[in-house]
Amino acid sequence: MKNELQARMMRDLDDKRPLRRAVEHAFRHIDETPDRRPFPDDAALARARAMHAPMPEAGADSSAVIDRMKDGFADACVTATGGRYFGFVTGGVLPATLGARWLADAWDQNAPLFRTSPAANIVEEICEAWLKDLFGLPDETVAGFVSGSSLAIYCGLAAARWRLLERQGWDVNAKGLNGAPPLRVVAGRDTHGVVVKAVTLLGFGAENTEWVDVDANGAIKTEDVPALDDRTILLLQAGNVNGGGFDDFETLCARAKAAGAWAHVDGAFGLWAAAAKDYAHLTAGMENASSWSCDAHKTLNTPYDCGVVFCRDGEAIKSALHQAGSYLEIGAGRDGMYMTPELSRRARAFEIWAALTYLGREGVDGLVSLLCERAAQFADEISAAGFRLAAEPSFNQLMFACESDEETNHILRTVQESSEAWAAGAKWFGRRVIRVSVCSWATTEEDVTRSVAAFVNARDA
Ligand SMILES: *Cc1c(COP(=O)(O)O)cnc(C)c1O
């Protein structure tokens with residue numbers, strides 16, 4: 001005997017109407033992508049805002065829910081998989097990974113334990129092995145699959161805190177930080193905001209951090225890095241979010257290792273350099289770090305949210321992120337929750353597996369190279385058009401500006417509003433710059449030329 005609500009859901013599952021409606025809308029959206037604005041116009045934003053209403057008392061037909069979602073929100077999306085969205089470092093989505101996500105969502109897996117999802121944990125084991133190999137990380141490295149680099153960095157630093165204090169005879173899990181032996185944190189001045197967030201969440205304190213000057217691309221000045229010791233966490237970057245700079249891992253990771261310090265490499269988008277022949281020199285020497293973090297949702301173009309933490313010291317990360325509960329049946333196989341802070345977690349490794357299987361090693365190299373080549377093309381064309389590059393382009397990042405900050409702001413706003421292309425602004429060494437991240441597989445040479453033209457037209461108007 002089913003109650004009325006169950007009967008409704010059973011009907012939805014039987015005839016699959018809401019799923020079919022979703023697929024129809026999704027396919028139409030995808031087909032319209034080349035002509036979609038990179039950023040929504042005011043009318044689309046107004047339609048989305050008009051969805052604000054008191055929560056309904058009575059429910060609605062499932063297909064009508066999907067229709068209403070599409071009508072209200074589809075046009076208020078940014079077109080991240082289009083060719084002319086260069087904001088932040090967002091990344092598009094590879095079709096195979098979108099399919100993988102849909103299928104995994106239909107499987108409805110919860111990933112923390114082998115017991116909650118054998119499939120999710122086995123695919124995590126496979127991705128761990130493939131990614132370690134692709135990036136050239138040490139054999140003993142373990143990987144945790146998290147929502148993105150923010151959390152991956154947090155996990156790496158939590159492992160560092162646990163291990164460095166353990167070596168000082170201090171159990172941070174039991175005793176906390178009150179009275180703990182002090183640890184040092186050394187980082188580049190232009191480290192990503194989420195690194196600073198992890199530093200503050202873990203109780204190190206942003207003001208206690210020893211900030212080191214950076215070069216024009218945001219890479220740490222190697223010669224300015226202070227002496228390291230076994231109480232120091234050294235925060236390094238593979239790919240500065242603005243300037244695309246890579247730190248000198250060859251020197252700094254070796255120095256950290258020799259001193260017993262813990263080096264963490266934030267490689268949200270830049271760790272992928274290691275997987276491309278022409279760019280692998282950028283990450284040379286990073287295998288001597290203790291932990292690393294990267295996103296799959298940026299350079300690899302999987303759906304959100306998909307990041308990975310790698311830690312050479314399995315005991316440290318598992319101890320830092322340990323949790324217990326008498327109802328948790330552990331040890332039947334890989335239990336991914338030991339390398340992540342969450343318990344319940346979606347099975348996002350399927351998307352990484354799908355991307356790597358679809359691309360193969362050659363395709364990963366090809367994708368990374370494609371993004372970097374388009375960035376180089378953008379830099380060439382924009383500087384030929386008379387804009388000033390704020391630094392040499394590096395990896396998939398470039399920054400440019402006009403003579404004055406006002407003009408830079410004005411042109412950026414004009415292009416954003418025209419939505420011929422979309423880029424974000426930033427402050428770089430005290431000056432306003434327009435920053436371009438080429439991060440979608442869909443960006444063609446024509447997209448780059450058309451986007452450069454949008455900036456030229458905005459200036460000449
Ligand atoms: C994007 C980015 C982050 C944050 O990653 P999320 O996946 O958004 O949490 C950290 N560091 C760098 C260099 C980034 O580009």
Side-chain angles (χ1 to χ4, degrees), residues 78 80 85-93 97 131 135 143-158 185 187-202 206 209 214-215 217-220 233-247 249 263-274 279 282-283 286 289 291-310 340-342 345-346 348-349 351-352 355 368 371-372 375 391 393-399 423-424 426 428 435-440:
V78 302
Y85 184 82
F86 304 105
F88 315 102
V89 199
T90 43
V93 63
T97 65
L131 290 172
F135 295 144
F145 295 84
V146 291
S147 58
S149 286
S150 303
L151 215 55
I153 293 163
Y154 176 86
C155 294
L157 298 199
V185 176
R189 255 182 224 295
D190 203 64
T191 187
H192 198 281
V194 304
V195 175
V196 182
K197 192 192 311 191
V199 163
T200 56
L201 279 173
L202 288 164
T209 300
V214 296
D215 70 13
N217 288 101
I220 207 164
I233 300 172
L234 175 62
L235 291 167
L236 299 176
Q237 250 184 341
N240 175 277
V241 74
N242 294 314
F246 285 69
D247 295 339
F249 304 119
H264 177 90
V265 178
D266 166 17
F269 61 90
L271 212 66
W272 297 94
Y279 301 90
L282 294 170
T283 55
M286 73 160 177
S291 55
W292 306 261
S293 46
C294 80
D295 282 319
H297 57 223
K298 293 181 176 174
T299 311
L300 192 62
N301 279 234
T302 69
Y304 289 97
D305 39 25
C306 202
V308 193
V309 57
F310 300 94
T340 70
E342 312 101 316
R345 194 161 53 84
R346 70 185 193 85
R348 52 175 68 89
E351 293 140 42
I352 300 179
V368 171
L371 304 177
C372 298
S394 176
F395 202 60
N396 67 334
Q397 301 291 119
L398 65 129
M399 302 176 295
W428 195 246
R435 54 179 302 292
V436 168
S437 303
V438 183
C439 211
S440 167

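All figures in this text were calculated on a predicted structure; none of them were measured in a lab. Indexing begins at 1, ligand by ligand and atom by atom, following the structure's order.
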State, to 0.1 Å, how close A289 and V265 come at their nearest heavy-atom pair, and which atoms those are.
-> CB-CG2, 3.8 Å
Sequence neighbours excluded, the answer for ring-ring contact (aromatic ring centres under 6.0 Å, His included) partners of W292 is none
Pairing residues for F246 by the ring-ring contact (aromatic ring centres under 6.0 Å, His included) criterion, not counting sequence neighbours = F395
Within the heavy-atom cut-off of under 4.0 Å, ligand 1 is lined by G148, S149, S150, H192, V194, G239, V241, D266, A268, F269, D295, H297, K298
Which residues share a salt bridge (charged side-chain N to carboxylate O under 4.0 Å, His left out) with D305, sequence neighbours left out = R346, R348
Do H297 and T302 have a side chain donor and acceptor closer than 3.5 Å?
-> no
With distance as the sole test, does S437 use its side chain to make a donor-acceptor pair with the main-chain N or O of F88 at under 3.5 Å?
-> yes
